[in-house]
Amino acid sequence: SVLGASITEIMRRYRILSVEDSVTGDSELLVRRNNKWERTTIGCLVDSLIEKYGYWYNLTEHEILGNPDDVEVLAMDKTGKVKVTRVTKFIRHKVNKPLFRIRTRTGREITVTGDHSLFDLNNEGKISEVKASELATGSYIATPRILNIDGVEVERINLLDYLDKFERAYLYGGNIKLFMRRHYHEIIQLCKDHGYSNRSVWGGWFRKGIIPVKILSDLRALGSNLNLIEGAFIKVGHNSKGLPIKLEISDDLLTFIGLWLGDGCYDKKSVIVSSTTSEEREITYNLARNLGLIVKEHSDGWSIMINSCTFRSILREVFGLKGNAYTKRVPGWIFALSNRQIKYVLTGLFSADGCIAKGEIMLTLSSLKMLKDVQTLLLRFGIIHRIRKFKKRDKTYNSSISSNKSIRQFLKIGVLQKYKQDKLLRLANKVSTHDVTDIIPLDMGTKRILPKLITNFNRNDYVARRNNIGRQKL
């Protein structure tokens, strides 16, 4: 053939690649960029890079781009170890092929073309590629049992970086008066541009040392350095209590975020959490006390609420705590935090909606996407979390942590309530005799020689009855 005749002329350091196997654009993944972990989709990632930099070239309708942002992902090396690896190229293309949705027993899903490679074990017990089209119900594929990654500890956030998230908000206190005097003429002109023609209005702002965030946003656009503002507070509306522009990301705040993800909502001026135990309520009261806010009892008799338009706006618009029971997600910025901080979010969530059952830790939610977020976060602690099928009766998804090893790892996360802590400790102290959460799908020939290699190997269970062998057993 022409290709065969020509290939001898190609220098040895080059390879010919056929790019046909694909994943769909809505496939989610974790990437590290600028030393920060992000949750995104492959479609959003590639589209944003091509929009920003363009593509290098278009080869048979495949738009190919390098990696100018030094994006890193988790990838498996030749030894089977999952490591953080720099992406070499990004490729975007359309396909006209059948798509296969692969779903594992733990509820993880991915949609790929039939020629996309996944991984299993061959007859020699080594990791090998397997095409999606070759899989059937009951096939085994390799998935990570732990994500050995950690994020960055965030002590506080500067709300001046999020001024575009606020409406009808004002800054006051600290050195705001000094800042306003230094920018007197610019502020006067911007007030007129925004329709504040009444001198008594902006004159009062200078006397009291208060300035709308939309004026500050314009000042920033004109080149003013807002980082010179120190010790100020931000408030939404005229009567709301202000909060520091440098807001501490405390352990209580992270735990409260977990409680809200489990059982939280808003009304017009308040943040509401359904808390029936003293331990949950203590978190809310401590947080409110440190922020100078007031906690009130809700009329339903079991919920409590922090009455603050400012706090509500920060949670919803800055922290991204949005949606209802069916649409909530763990906000993307949580994935960039340190594992120590993520632990508090998970503690709050499992305290709100988790249950310590007889043989497993359960979490029941109506939002499948949030359960998948939790599943990914738990992998950072080496915890395998299984998502079960949708229950039509109450429109929820059950999920569980059932392996003894994962339950013991969950002790590092824990729950707030004393009665749940006691149940969790008893569950973790149980001795597991047969763990099939993390299995090694060995062929029968290999199983028959294991009694010679493993003491107390139960031949009846694993050979005669053909049960699968857990990694812990091996």
Side-chain angles (χ1 to χ4, degrees), residues 26-49 52 67-75 82-87 90 108 144 146-165 227 244-262 264 287 313-323 327-350 367 369-383 385 409 412-413:
D26 58 356
S27 299
E28 293 193 342
L29 74 163
L30 293 178
V31 303
R32 187 167 69 178
R33 181 164 35 186
N34 299 323
N35 203 35
K36 279 181 151 184
W37 285 102
E38 308 171 23
R39 179 198 63 204
T40 184
T41 65
I42 187 65
C44 288
L45 176 63
V46 177
D47 288 350
S48 64
L49 288 171
K52 183 178 179 181
N67 188 3
D69 279 359
D70 290 325
V71 175
E72 297 173 298
V73 297
L74 292 162
V82 176
K83 296 181 178 179
V84 179
T85 308
R86 186 181 183 276
V87 176
F90 294 97
R108 301 182 200 177
I146 186 171
L147 298 180
N148 281 312
I149 61 174
D150 202 349
V152 178
E153 190 89 5
V154 178
E155 294 183 2
R156 56 183 51 84
I157 64 166
N158 190 342
L159 295 175
L160 292 176
D161 296 332
Y162 302 91
L163 294 181
D164 59 317
K165 303 292 186 180
N227 291 327
I245 57 171
K246 293 184 178 179
L247 187 66
E248 181 187 5
I249 306 299
S250 66
D251 297 343
D252 281 344
L253 176 58
L254 293 169
T255 308
F256 180 83
I257 287 173
L259 291 172
W260 187 92
L261 287 171
L287 175 63
S313 293
I314 291 172
L315 288 189
R316 192 178 190 282
E317 305 303 333
V318 177
F319 289 150
L321 297 178
K322 300 180 179 181
T327 60
K328 284 180 182 178
R329 295 205 67 173
V330 176
W333 62 273
I334 298 290
F335 291 82
L337 296 178
S338 69
N339 291 346
R340 190 199 72 82
Q341 291 182 304
I342 289 173
K343 173 255 181 193
Y344 286 99
V345 178
L346 293 173
T347 298
L349 177 57
F350 275 87
S367 171
K369 288 187 175 181
M370 186 157 75
L371 272 179
K372 290 184 176 181
D373 292 338
V374 173
Q375 188 179 58
T376 300
L377 291 175
L378 286 172
L379 280 177
R380 292 168 72 157
F381 299 88
I383 298 172
H385 178 222
Q409 286 294 103
K412 299 176 182 178
I413 296 172

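Residue indices begin at 1 and follow the sequence shown.
- Shown here for K369 and R329, the closest heavy-atom pair between the two residues is CB-NE, 3.6 Å.
- Atom CG in L247 sits 10.5 Å away from atom OH in Y162 (nearest 0.5 Å).
- Side-chain contact between L321 and R316: absent, with no pair of heavy atoms (C-beta onward) separated by less than 4.5 Å.
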Q.
Let's go through V31 and T40 carefully: what are the C-alpha distance in whole Å and the side-chain angles of both, what is the deciding distance for side chain to side chain contact (heavy atoms under 4.5 Å, CB included) to 0.1 Å, and is it a yes or a no?
A. CA-CA 7 Å; V31 303; T40 184; 4.1 Å; yes
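- When all heavy atoms are compared, the tightest approach of G320 to P331 is O-CG, 3.9 Å.
- Nearest heavy atoms, I314 versus L159: CD1-CD1, 3.7 Å.
- No side-chain heavy atom of I334 sits under 4.5 Å from any side-chain heavy atom of F319.
- To the nearest 0.5 Å, atoms CD (E38) and CH2 (W333) are separated by 15.0 Å.
- A donor-acceptor distance shorter than 3.5 angstrom exists from the side chain of N158 to the backbone of L160, with no hydrogens or angles considered.
- Separation of atoms CG (D69) and CG (L49) is listed at 5.5 Å; rounding is to 0.5 Å.
- The closest side-chain heavy-atom distance from V152 to L337 is not below 4.5 Å.
- A side-chain donor-acceptor contact under 3.5 Å links Q409 to the backbone of F381.
- Although no hydrogens or angles enter the test, the distance criterion places a donor-acceptor pair under 3.5 Å between the side chain of Q341 and the main chain of V154.
- Within a 6.0 Å radius of NZ in K83, other residues, nucleotides and ligands contribute 12 heavy atoms or fewer.
- When atom types are taken as modelled, the side chain of T255 and the backbone of D251 share a donor-acceptor pair closer than 3.5 angstrom.
- Side-chain contact check for Y344 versus I249: every heavy-atom pair is 4.5 Å or farther apart.
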Given salt bridge (Lys or Arg N to Asp or Glu O under 4.0 Å), test R33 with E72 step by step and report yes or no.
CA-CA 7 Å; R33 181 164 35 186; E72 297 173 298; over 6 Å; no
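- For the pair R108 and P144, the minimum side-chain heavy-atom distance is below 4.5 Å.
- Panel note: side chain R86, backbone N67; a donor-acceptor pair is recorded below 3.5 Å.
- Between L254 and T347 there is no side-chain heavy-atom pair separated by less than 4.5 Å.
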- Task: For the pair R340 and E153, evaluate side chain to side chain contact (heavy atoms under 4.5 Å, CB included) and give the outcome as yes or no after the intermediate values.
- Result: CA-CA 8 Å; R340 190 199 72 82; E153 190 89 5; 2.6 Å; yes
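- Listed for the E28 side chain is no donor-acceptor partner under 3.5 Å among the backbone atoms of T41.
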Under the criterion side chain to side chain contact (heavy atoms under 4.5 Å, CB included), I'd like the reasoning laid out for F350 against L378: C-alpha separation, chi angles, the key distance, then a yes or no. CA-CA 12 Å; F350 275 87; L378 286 172; 4.2 Å; yes
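- A donor-acceptor pair under 3.5 Å links the side-chain atoms of D150 to the main chain of N339, judged by distance alone.
- The two residues L261 and L349 have their closest heavy-atom pair at C-CD1, 4.1 Å.
- Remark: side-chain polar atoms of T85 are not paired, donor with acceptor, to backbone N or O of L74 under 3.5 angstrom.
- Cation-pi check for K328 over W260 is met; the charged atom lies under 6.0 angstrom from the ring centroid and within 45 degrees of its normal.
- Taking the side chain as every heavy atom from C-beta outward, L379 and I146 never approach each other to under 4.5 Å.
- The backbone N or O of L30 sits nowhere less than 3.5 Å from a side-chain atom of W37 that would complete a donor-acceptor pair.
- Summarising the geometry of V330 relative to D373, their closest heavy-atom pair is N-OD2, 3.1 Å, with the distance given to 0.1 Å.
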- Task: Determine, stepwise, if the pair K322 / E317 fulfils side chain to side chain contact (heavy atoms under 4.5 Å, CB included).
- Result: CA-CA 8 Å; K322 300 180 179 181; E317 305 303 333; 3.7 Å; yes
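- Proximity of I342 to R380: side-chain heavy atoms (C-beta onward) are separated by under 4.5 Å at one or more points.
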